[in-house]
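When a ligand or atom number is given, it counts from 1 through the structure's own listing order. All values below come from the heavy atoms of this structure, side chains included, with hydrogens, waters and symmetry mates left out. Note that the structure is a prediction, hence the values are computed from the model and not measured.
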Amino acid sequence: MAYSKCFFKYCCLTLAAVFLHSLIFAGNVSAALSDAELQDIGTEITTMYRAARGVIAKNQKLINDASKGDKGLSADNVIAATKENYKKATGNDFKMADKSSLKGETQAALLGAIKEVMDNAQPLINEKGKGLKGFLPAIFAKQMGDGFNKLIGGKAYIKLTAPKAYVRNRANRPDKWEENVIEKKFKSASYEKNKVHVEKAKHKGKDAFRLILPEYYKEACLNCHGEPKGAKDITGGKKEGGKLGELGGAISFAIYQ
Ligand code: HEC
């Protein structure tokens, strides 16, 4: 009797200890991060995302060159050029964080996504005798985002989107929150250009730290997104009638809480 009572007590204490321990330590990784740390991750991942898309934009002529076979755009080369673009944009070297940290995980997922997309794209972009291949910056960006979202396993999310009236690919449509930030903040004359907007808000029904970065049409974009509205661009799509410097898109990022 004495033994079983004691054993019972022991069990209860052990269970309580295990329970307390799990309460303290099993919490969500991101719950422990400060807002500044979350913003740092979001800023870095969206900057790298944009830097990678810039590599494809810069090599568009080469990619569309029917006279060349191997374009030399291996995953390793695209990742190296992405890091160079990142350095140009931020003034800092891209440094991998500890791989068990959320920052390290998001970095690895983004580089992994670039690698997957570029490995898969090799037969398409290296095909000799074919000019336009449909391998455009926005299409690359969509694939990179899908890859990131898969690799990060539900901890974060990234997407290229645009003002609702300008969206070509329905999969890039802004959600309510994105649309609201685009229309009410980014498009307002008083909103500071290039400034990211951050907010704690729902994303796909879950509590999230959300960050969204505005993007504006440059001269090169207008070949496809410019005037006259409705005219066909070289890809066969309809031009948006966009103007130089106008808000043309946004990179949206979320970390679930
Ligand atoms: C060669 C033509 C071309 C050029 C140049 C071009 N785009 Fe696009 N863009 C497209 C096409 C086609 C799509 C649709 C991609 C898809 O179907 O996923 C697109 C999609 C987008 C999207 C995603 C939203 C959507 O409509 O689905 C954004 C944002 C965007 N472009 C911004 C830009 C910006 C900014 C530039 C210049 C830096 C640019 N584009 C240059 C053809 C172009």
Side-chain angles (χ1 to χ4, degrees), residues 45-66 71 73 78 81-82 85-86 88-89 113-114 116-118 120-121 124-125 130-150 157-183 185-187 191 193-197 211-253:
I45 295 301
T46 49
T47 305
M48 278 294 277
Y49 184 85
R50 190 187 236 177
R53 186 190 52 186
V55 175
I56 302 308
K58 194 174 164 212
N59 286 288
Q60 191 74 75
K61 275 216 178 84
L62 170 68
I63 291 168
N64 293 347
D65 186 345
K71 307 294 190 296
L73 288 172
V78 169
T82 297
N85 281 353
Y86 174 91
K88 266 183 230 151
I114 298 172
E116 264 182 32
V117 175
M118 289 319 298
N120 289 337
L124 172 70
I125 65 177
K130 185 170 177 172
L132 283 180
K133 300 175 182 69
F135 196 71
L136 301 168
I139 292 188
F140 166 79
K142 168 82 173 66
Q143 295 176 358
M144 172 172 51
D146 290 347
F148 174 86
N149 297 336
K150 188 189 70 185
Y157 182 89
I158 198 164
K159 146 183 167 203
L160 176 66
T161 187
K164 216 173 191 174
Y166 281 179
V167 169
R168 295 193 185 195
N169 181 343
R170 284 178 61 82
N172 298 332
R173 269 177 314 171
D175 72 2
K176 277 247 157 61
W177 181 85
E178 289 157 346
E179 191 189 358
N180 201 45
V181 176
I182 288 172
E183 299 301 327
K185 296 190 188 291
F186 292 170
K187 283 192 180 175
Y191 194 86
K193 280 227 156 181
N194 296 308
K195 196 179 125 196
V196 295
H197 175 74
L211 178 148
I212 182 166
L213 178 70
E215 300 204 286
Y216 310 90
Y217 285 140
K218 293 183 274 187
E219 203 63 71
C221 318
L222 299 178
N223 292 329
C224 295
H225 294 289
E227 295 184 296
K229 187 177 174 180
K232 282 211 168 150
D233 68 26
I234 57 160
T235 71
K238 281 188 188 152
K239 296 190 184 187
E240 282 76 8
K243 292 176 186 62
L244 190 66
E246 187 185 341
L247 186 90
I251 301 174
S252 179
F253 181 76

field: Top protein contact for atom 28 (C) of ligand 1, by heavy-atom distance
entry: Leu160 CD2, 4.1 Å
query: Closer than 4.0 angstrom: is that true for some heavy atom of Asp233 and an atom of ligand 1?
result: no
- request: Mind checking salt bridge (Lys or Arg N to Asp or Glu O under 4.0 Å) for Lys243 and listing every partner two or more places apart, or none if nothing turns up?
  value: Glu227
query: With a cut-off of 2.8 Å, which protein N/O/S atoms are close to atom 8 (Fe) of ligand 1, if we only count those under it?
result: His225 NE2
message: Measuring only between side-chain heavy atoms, which start at C-beta, is Ile234 closer than 4.5 Å to Asn223?
response: no
message: I need the nearest protein heavy-atom contact for atom 15 (C) of ligand 1: residue, atom name and distance, please.
response: Ile139 CG1, 3.7 Å
statement: Closest heavy-atom pair, Pro163 versus Lys187, reported as atoms and distance to 0.1 Å, is CB-NZ, 3.9 Å
Contacts of Lys142 that satisfy salt bridge (Lys or Arg N to Asp or Glu O under 4.0 Å) - sequence neighbours left out: Asp146
task: Pick one of side chain, backbone, both or neither for how Ala220 approaches ligand 1, counting any non-hydrogen atom pair under 4.0 Å.
output: backbone
message: So for Thr235, does at least one of its heavy atoms come nearer than 4.0 angstrom to any atom of ligand 1?
response: yes
message: Counting non-hydrogen protein atoms only, what is the nearest one to atom 23 (C) of ligand 1? Give residue, atom name and distance.
response: Asn172 ND2, 3.6 Å
task: Tell me, please, whether Tyr191 has Lys195 positioned over its six-membered ring: NZ or CZ under 6.0 Å from the ring centre and within 45 degrees of its axis?
output: yes
field: Proximity to ligand 1 by part of Asn169, non-hydrogen separation under 4.0 Å
entry: both
message: I need the atoms of ligand 1 closer than 4.0 Å to a non-hydrogen atom of Thr161, numbered in the order shown.
response: 29 (C)
message: If the cut-off is 4.0 Å to any non-hydrogen atom of Tyr166, which atoms of ligand 1 fall inside it?
response: 26 (O)
- request: Please determine which of Leu136, Leu124, Ile125 meets the side-chain contact (heavy atoms from CB on, under 4.5 Å) test together with Ile63.
  value: Ile125
Listed partners of Glu246 passing salt bridge (Lys or Arg N to Asp or Glu O under 4.0 Å), at least two apart: none
message: Just to verify, which of Glu183, Glu179, Glu178, Glu240 counts as forming a salt bridge (charged side-chain N to carboxylate O under 4.0 Å, His left out) with Lys164?
response: Glu179
message: Are more than 12 heavy atoms, taken from residues, nucleotides or ligands other than Lys185, located less than 6.0 Å from that residue's NZ atom?
response: no
- request: Check the angle between the aromatic planes of Phe135 and Phe140 and answer parallel, tilted or perpendicular using the 30° and 60° thresholds.
  value: perpendicular
